[in-house]
*Asks:* 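First the structure, which I've put down as structure tokens, then a few questions once you've had a look.
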There are 2 protein chains.
Amino acid sequence: MSATRTAATGTVYLVGAGPGAPDLLTLRAARLLAEADVVFHDALVHPDTIALAVRAEKFAVGKRCGRHSTAQRFINKRLVDAAATHRVVVRLKGGDPLLFGRAQEEIEALEAAGIRYEVVPGITAALASAAATGTSLSQRGTVRSIALATPRVGEGERASDWARGFASADAGAIYMGLGEGAAIAAALRAVGKPPTLPVAIVENASLPAERVVYTTLAGLAQVDSEQFSGPALLLIGPQFADRRVVAVDARESELTPKVGHG
Amino acid sequence: MSATRTAATGTVYLVGAGPGAPDLLTLRAARLLAEADVVFHDALVHPDTIALAVRAEKFAVGKRCGRHSTAQRFINKRLVDAAATHRVVVRLKGGDPLLFGRAQEEIEALEAAGIRYEVVPGITAALASAAATGTSLSQRGTVRSIALATPRVGEGERASDWARGFASADAGAIYMGLGEGAAIAAALRAVGKPPTLPVAIVENASLPAERVVYTTLAGLAQVDSEQFSGPALLLIGPQFADRRVVAVDARESELTPKVGHG
């Protein structure tokens with residue numbers, strides 16, 4: 001252990017790459033990528049973001065959904081090893097590292113090896129998805145608590161455990177849930193949510209192919225996931241009713257790819 | 001109304017300024033500020049962030065906690081008026097616009113006036129605060145649902161409504177709760193949380209004066225809010241026990257101001 005501590009010369013930055021659009025990266029993340037000696041990035045990070053690491057050796061290490069935990073231990077080891085020989089090591093993760101990103105396992109490995117680290121937060125998909133709908137997650141007077149969860153099941157987890165957190169929350173966001181619409185709807189019905197509860201399915205949030213589909217919990221059970229090709233997030237709550245019926249003109253821009261700003 | 005539609009030449013960008021540190025702004029937000037003709041910003045946004053708007057007229061319009069809703073209507077009107085005569089109007093809000101930011105009222109005013117708008121998400125305080133603790137909000141196998149809430153009471157809201165959302169969630173973040181420690185602890189006890197539940201109080205997340213104080217729900221009721229001068233966020237969950245007892249060396253950097261990276 002003491003040998004490892006002496007050998008460690010670098011810092012590992014666990015960096016959030018944000019929801020997809022390269023310009024939703026933070027200034028700090030962009031600077032760290034430019035300075036990085038080595039970058040280990042998730043598979044889904046935008047190529048333009050990875051390209052900011054002009055000096056770095058770059059390795060795709062992650063982890064689409066459902067990979068085995070051996071892969072995680074392998075990533076942990078590579079981070080520890082890289083810090084022994086490199087000054088700036090960036091572990092680039094989609095969204096925010098500390099929300100459904102399995103960063104804790106990497107942090108614990110770094111702590112165990114005595115390696116300095118820092119977490120750089122990123123824009124999480126729930127907020128980019130809410131932006132796509134033009135609808136606030138919180139709503140003054142009606143939506144005061146918001147639940148975040150994923151139905152993605154890891155070792156030792158039961159399939160419906162995640163839904164507990166929605167039982168008493170006023171609204172919520174479900175990460176990585178598409179393809180399990182029927183199971184999600186059933187789990188939320190089981191904790192007391194009505195079939196009429198509005199649901200916004202946000203696909204490819206922040207990207208040119210961004211798309212919002214409005215439905216209800218009853219409708220979610222019927223959704224054909226083959227209609228969606230990109231990552232999707234579910235926003236659930238009374239405020240996510242389709243507002244086009246009351247303000248068609250003003251809402252159209254939310255339902256088609258955004259025009260460029262500026 | 002049709003006159004207003006014809007007059008509207010600009011776009012209003014509802015932009016998240018992030019948690020405090022100027023370099024936790026997004027690249028998109030930085031570009032929009034540089035292009036902005038006029039900026040309406042919250043009082044708590046960092047001066048270095050506002051300074052990025054080199055061309056713009058700048059107005060502080062908000063809204064420390066507890067201001068009257070008349071002020072909100074005044075902000076709405078100023079945004080609508082500004083879009084009639086300016087091309088790029090930025091409404092710059094602390095954190096993310098769609099999480100406890102009252103953006104919905106501004107969006108509805110813009111929609112009613114037929115004005116084009118876009119939401120640019122920002123890093124929310126809960127994620128910057130989690131980064132300060134080096135502890136993931138989600139924890140594989142144990143923390144699968146996270147509640148976000150604020151005890152801040154608006155018109156027509158009951159003081160303890162917010163706590164409902166925590167009843168069944170595995171962990172959570174409470175915004176703008178400091179100074180109400182006893183009431184928060186009581187509300188969480190009332191929905192079934194144990195007095196031993198770990199709490200991390202994160203003050204000035206992401207800023208040089210960042211500080212983390214670890215306590216429990218029982219301890220939170222006793223906290224002297226006079227000890228805290230900056231904005232603070234409460235992280236609540238089993239993972240927020242003080243980890244210094246098991247890994248003192250590695251955790252020290254989280255408890256003192258961060259050293260610069262790079």
Side-chain angles (χ1 to χ4, degrees), chain A residues 11 13 23-28 30-32 35 88 96 98-104 107 111 114 116 118-121 123-124 127-128 130-131 134-141 144-150 154-157 161-162 164-170 247 249-250 253 258 261-262, chain B residues 11 13 23-28 30-32 35 88 96 98-104 107 111 114 116 118-121 123-124 127-128 130-131 134-141 144-150 154-157 161-162 164-170 247 249-250 253 258 261-262:
Chain A
T11 300
Y13 297 89
D23 67 347
L24 291 179
L25 194 72
T26 64
L27 301 173
R28 186 182 300 175
R31 181 169 53 79
L32 286 168
E35 292 176 5
V88 179
D96 182 273
L98 301 182
L99 199 52
F100 309 123
R102 293 186 62 174
Q104 201 68 59
I107 287 170
E111 289 186 347
R116 189 175 189 77
E118 184 173 316
V119 180
V120 178
I123 305 285
T124 189
L127 296 176
T135 304
S136 185
L137 277 171
S138 58
Q139 296 279 328
R140 205 163 59 98
R144 302 187 63 195
S145 58
I146 296 121
L148 309 175
T150 178
E155 293 165 48
E157 294 178 329
D161 272 358
W162 65 271
R164 267 203 321 262
F166 284 74
S168 53
D170 297 324
D249 289 354
S253 63
K258 294 282 174 59
H261 29 67
Chain B
T11 301
Y13 296 89
D23 67 348
L24 290 180
L25 194 71
T26 64
L27 301 173
R28 185 182 300 176
R31 182 170 53 80
L32 285 168
E35 292 176 4
V88 179
D96 181 272
L98 301 183
L99 199 52
F100 309 124
R102 293 186 63 173
Q104 202 68 58
I107 288 170
E111 289 185 347
R116 189 174 186 79
E118 184 172 316
V119 180
V120 179
I123 304 284
T124 191
L127 296 175
T135 304
S136 186
L137 277 172
S138 58
Q139 297 279 327
R140 208 163 57 100
R144 301 187 65 196
S145 59
I146 296 122
L148 309 175
T150 177
E155 293 164 46
E157 295 179 326
D161 272 358
W162 65 271
R164 266 202 322 261
F166 284 73
S168 53
D170 297 324
D249 289 353
S253 63
K258 296 281 171 61
H261 30 66

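So that the names make sense, note that chain A is the first sequence line, chain B the second, and so on, each numbered from 1.
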*Asks:* Is B:Asp96 close to B:Ile123 at the side-chain level, that is, under 4.5 Å between some pair of heavy atoms?
*Replies:*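 Answer no - side chains too far apart.
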*Asks:* Do B:Leu25 and B:Val120 pass the side chain to side chain contact (heavy atoms under 4.5 Å, CB included) test, and can you show the C-alpha distance, the side-chain angles, and the key distance before you say yes or no?
*Replies:* CA-CA 11 Å; B:Leu25 194 71; B:Val120 179; over 6 Å; no
*Asks:* If we only count heavy atoms from C-beta on, is the B:Gln104 to A:Arg140 side-chain gap below 4.5 Å?
*Replies:* no
*Asks:* As an exercise: rank A:Ile146, A:Thr124, A:Leu137, A:Leu99 by heavy-atom pairs under 4.5 Å with chain B and give me the winner.
*Replies:*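 Max contact count across the listed options: A:Ile146.
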*Asks:* Identify which part of A:Ala167 has an atom lying under 4.5 Å from any heavy atom of chain B, answering side chain, backbone, both or neither.
*Replies:*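 Both parts, heavy atoms under 4.5 Å.
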*Asks:* Nearest heavy-atom pair of B:Asp170 and B:Arg144: which atoms, and what distance?
*Replies:*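 What the structure gives for the nearest pair is OD2-N, 2.9 Å.
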*Asks:* If you count heavy-atom pairs under 4.5 Å with chain A, which of B:Gly165, B:Ala169, B:Ser168 comes out on top?
*Replies:* B:Ser168
*Asks:* Non-hydrogen atoms of chain A under 4.5 Å away: do they reach the side chain of B:Ala147, the backbone, both or neither?
*Replies:*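 Both parts, backbone and side chain.
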*Asks:* Could you walk me through whether A:Thr150 and A:Trp162 satisfy the side chain to side chain contact (heavy atoms under 4.5 Å, CB included) test, starting with their C-alpha distance in whole Å, then the side-chain angles of each, then the deciding distance to 0.1 Å, before giving a yes or no?
*Replies:* CA-CA 6 Å; A:Thr150 178; A:Trp162 65 271; over 6 Å; no
*Asks:* With chain B, which of A:Ser136, A:Ala103, A:Ser145, A:Ala149 has the greatest number of heavy-atom pairs at distances under 4.5 Å?
*Replies:*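 Counting heavy-atom pairs under 4.5 Å, the top option is A:Ser136.
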